[in-house]
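Report on one structure; see the data block that follows.
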Number of protein chains: 2
Amino acid sequence: MQPAVEVNENALTERQKDVLDAALALLVEAGDTLTMTSVARRASCSKESLYKWFGDRDGLLTATVQWQAAKVRGVPVDPEAFSLKSLTSGLERFASDWLRVLSGTISVALNRVAVGHAGSDKHDLGAIVLENGPFAMARRLKPLLQLGLDTGLLAFNDTDEAFRTFFGLVVRDVQIRLLLGDRFELTEAAIDRDARRATQQFLALYGVHKTADMATKS
Amino acid sequence: MQPAVEVNENALTERQKDVLDAALALLVEAGDTLTMTSVARRASCSKESLYKWFGDRDGLLTATVQWQAAKVRGVPVDPEAFSLKSLTSGLERFASDWLRVLSGTISVALNRVAVGHAGSDKHDLGAIVLENGPFAMARRLKPLLQLGLDTGLLAFNDTDEAFRTFFGLVVRDVQIRLLLGDRFELTEAAIDRDARRATQQFLALYGVHKTADMATKS
DNA sequence: ACGCCGCCGTAACGTACGGTACGGTACGGT
DNA sequence: ACCGTACCGTACCGTACGTTACGGCGGCGT
């Protein structure tokens with residue numbers, strides 16, 4: 001037997017996608033206490049197929065995380081007519097998107113299992129989530145920051161440091177509190193407000209001002 | 001049988017503290033895959049004693065987390081002669097302390113198990129860590145912020161919002177990356193540098209300036 | 001028609017581990 | 001000397017679950 005060849009390729013049968021969606025749903029409901037039997041029952045497939053397709057439990061979890069990651073690919077920003085206004089709206093849209101994803105039940109569930117498995121693992125789920133979470137966010141945002149730097153709207157020495165500051169201003173304690181199980185209501189209005197606040201604070205720190213900006217105080 | 005009465009009181013035998021330290025060490029080494037047998041062997045005690053003292057596995061984990069939390073109680077700040085200098089140094093000391101704790105192996109291990117158990121649990125470990133982590137930090141920092149507000153050195157409407165911004169500026173993506181298993185070297189020098197940067201950025205956002213402050217760019 | 005293949009459902013196996021029971025030992029009180 | 005208490009070490013039980021094996025069935029090529 002050569003197990004789990006499908007995972008390495010991007011070739012996923014519709015049937016297999018359905019299975020992964022079922023696993024995802026169970027992951028959200030029950031955390032990583034999901035059993036192979038429960039996945040098979042939920043997806044109406046046999047355990048034999050699960051093992052043939054994904055090798056073992058770890059392979060199934062890995063494939064599930066990657067499957068979700070593949071669905072979340074965001075659209076990049078287009079660097080054309082660029083101004084303080086477009087920079088601001090780009091940052092705001094980015095922040096609100098990120099907060100929305102972050103506070104979603106799927107993201108919370110996935111980060112939970114990834115954190116749980118991050119200690120000692122072979123198919124490190126943590127690395128996968130890391131890659132598709134913070135790192136992907138950085139890759140997506142850095143072109144925008146670089147553009148701001150090149151056009152003189154922003155000023156900083158290290159793009160990575162600037163990104164990480166923006167990350168902190170956006171996420172703050174939201175993610176860790178959600179992961180630790182804090183009941184947290186993040187309404188659309190709150191997300192928009194936080195995105196605007198984080199953007200304004202970021203511009204206050206790294207923007208090149210000609211005029212005094214508006215309220216950065218909460 | 002009335003199980004685990006000891007947990008409710010603060011009365012912990014020296015022997016029991018030793019056991020909890022052993023459990024803590026195992027938690028750091030192996031994550032929450034630690035077994036009752038392994039704890040008993042490491043602490044050179046019988047499983048029967050573990051169950052008598054802590055009720056069940058969950059009780060042992062809970063007691064372990066609380067035991068560690070009890071050891072971390074920090075000293076509060078004294079509100080006497082207050083100036084921009086003391087505010088700054090207070091914030092910096094606070095930030096560096098927090099970063100040091102946060103990046104320690106014990107904190108990472110404890111947050112890992114708490115996050116893992118946060119989904120569906122009875123003795124919610126997540127709540128305990130939340131209480132002794134971010135919430136304790138907030139309680140410890142807010143008097144300092146309030147003092148800054150009262151003395152006119154700071155300006156904000158909502159203390160909680162100000163705290164959470166400071167939290168974001170200090171922690172950024174450090175904690176989530178560590179939890180997800182990112183190999184991360186946080187040297188003493190880096191911690192001090194980050195603490196100063198976060199403090200300066202916070203003052204730039206919420207401080208009442210008479211003079212232009214120093215470099216907030218990285 | 002017929003055999004092959006992929007898949008479902010289910011039963012079975014092996015094992016790891018939470019939890020319990022029990023024998024043995026040290027010790028302090030009487 | 002005797003008993004109760006506390007504890008260690010270990011063997012044991014029950015169960016949950018990962019993993020494997022097997023019987024049956026519908027579709028598809030020939």
Side-chain angles (χ1 to χ4, degrees), chain A residues 1-7 9 11-23 25-27 29-65 113 116-117 119-123 125, chain B residues 1-7 9 11-23 25-27 29-65 113 116-117 119-123 125:
Chain A
M1 56 155 182
Q2 53 270 29
V5 277
E6 338 268 346
V7 178
E9 317 170 4
L12 283 177
T13 314
E14 286 304 315
R15 189 81 190 85
Q16 293 171 348
K17 294 178 185 175
D18 292 344
V19 170
L20 292 183
D21 279 329
L26 279 175
L27 222 49
E29 294 174 18
D32 76 344
T33 64
L34 89 171
T35 67
M36 299 299 275
T37 306
S38 72
V39 173
R41 202 163 33 220
R42 174 71 68 101
S44 294
C45 77
S46 72
K47 292 210 281 183
E48 187 183 25
S49 300
L50 290 186
Y51 284 99
K52 188 197 307 195
W53 292 334
F54 308 108
D56 59 359
R57 187 175 184 277
D58 232 44
L60 173 63
L61 255 50
T62 305
T64 305
V65 171
V113 323
H117 283 224
S120 56
D121 221 4
K122 36 191 181 199
H123 296 321
L125 292 184
Chain B
M1 58 159 180
Q2 54 272 27
V5 275
E6 339 265 347
V7 178
E9 318 170 3
L12 284 176
T13 313
E14 286 304 314
R15 188 81 189 84
Q16 292 171 349
K17 294 178 185 174
D18 291 345
V19 169
L20 293 182
D21 280 328
L26 279 175
L27 222 50
E29 294 173 19
D32 77 343
T33 64
L34 89 172
T35 66
M36 298 299 274
T37 306
S38 72
V39 174
R41 203 162 32 220
R42 175 69 70 102
S44 294
C45 77
S46 71
K47 289 211 293 180
E48 189 183 24
S49 299
L50 289 186
Y51 283 100
K52 188 194 313 190
W53 292 334
F54 307 108
D56 59 359
R57 187 176 185 278
D58 231 44
L60 173 63
L61 255 50
T62 305
T64 303
V65 171
V113 321
H117 284 224
S120 57
D121 222 5
K122 39 192 178 190
H123 297 320
L125 292 185

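A note on names: the letters A, B, ... follow the listed sequences, proteins ahead of strands, and every chain is numbered from 1. Because only heavy atoms are used, hydrogens play no part in the values below, and waters and symmetry mates are left out as well, while side chains stay in.
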If we call it a pair only when both distances are under 3.5 Å in a Watson-Crick or G-U wobble match, what pairs with [N]?
N      : answer
D:dC8  : C:dG23
C:dT30 : D:dA1
D:dT19 : C:dA12
D:dG29 : C:dC2

Length of the line joining [X]:[atom1] and [N]:[atom2], which is rounded to integer Å:
X       : N      : atom1 : atom2 : value
B:Leu60 : C:dG19 : CG    : P     : 10 Å
B:Leu50 : D:dT10 : CG    : P     : 15 Å
B:Arg41 : C:dC17 : CZ    : P     : 10 Å
B:Met36 : C:dG19 : CE    : P     : 6 Å
B:Phe54 : D:dC7  : CZ    : C1'   : 14 Å
B:Arg42 : D:dC8  : CZ    : C1'   : 18 Å
B:Arg57 : D:dA16 : CZ    : P     : 16 Å
A:Lys52 : C:dC5  : NZ    : P     : 11 Å

* Is it true that a side-chain atom of A:Ser46 and a backbone atom of A:Ser49 form a donor plus acceptor pair closer than 3.5 Å? ->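 Checked: pair present.
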
* Keeping the roles fixed (side chain from B:Thr35, backbone from B:Ser38), state whether a donor-acceptor pair exists under 3.5 Å. => yes

* Dump the intermediate steps for side-chain contact (heavy atoms from CB on, under 4.5 Å) on B:Leu20 and B:Leu60, then the final yes or no. => CA-CA 8 Å; B:Leu20 293 182; B:Leu60 173 63; 3.9 Å; yes

How many angstroms lie between [atom1] in [X] and [atom2] in [Y], if you round to the nearest 0.5 Å?
X       : Y       : atom1 : atom2 : value
B:Gln16 : B:Leu50 : CD    : CG    : 10.0 Å
A:Thr33 : A:Leu27 : OG1   : CG    : 9.0 Å
B:Phe54 : B:Thr62 : CZ    : OG1   : 10.5 Å
A:Leu34 : A:Arg57 : CG    : CZ    : 5.5 Å

Check nucleotides 8-11 of chain C against the protein and report each pair of N or O atoms closer than 3.5 Å, with its distance, or say if there are none.
from  : atom 1 : to      : atom 2 : distance (Å)
C:dC8 : OP1    : A:Arg15 : NE     : 3.0
C:dC8 : OP1    : A:Arg15 : NH2    : 3.0
C:dC8 : OP2    : A:Ser46 : N      : 3.3
C:dC8 : OP2    : A:Ser49 : OG     : 2.7
C:dC8 : N4     : A:Glu48 : OE1    : 2.7

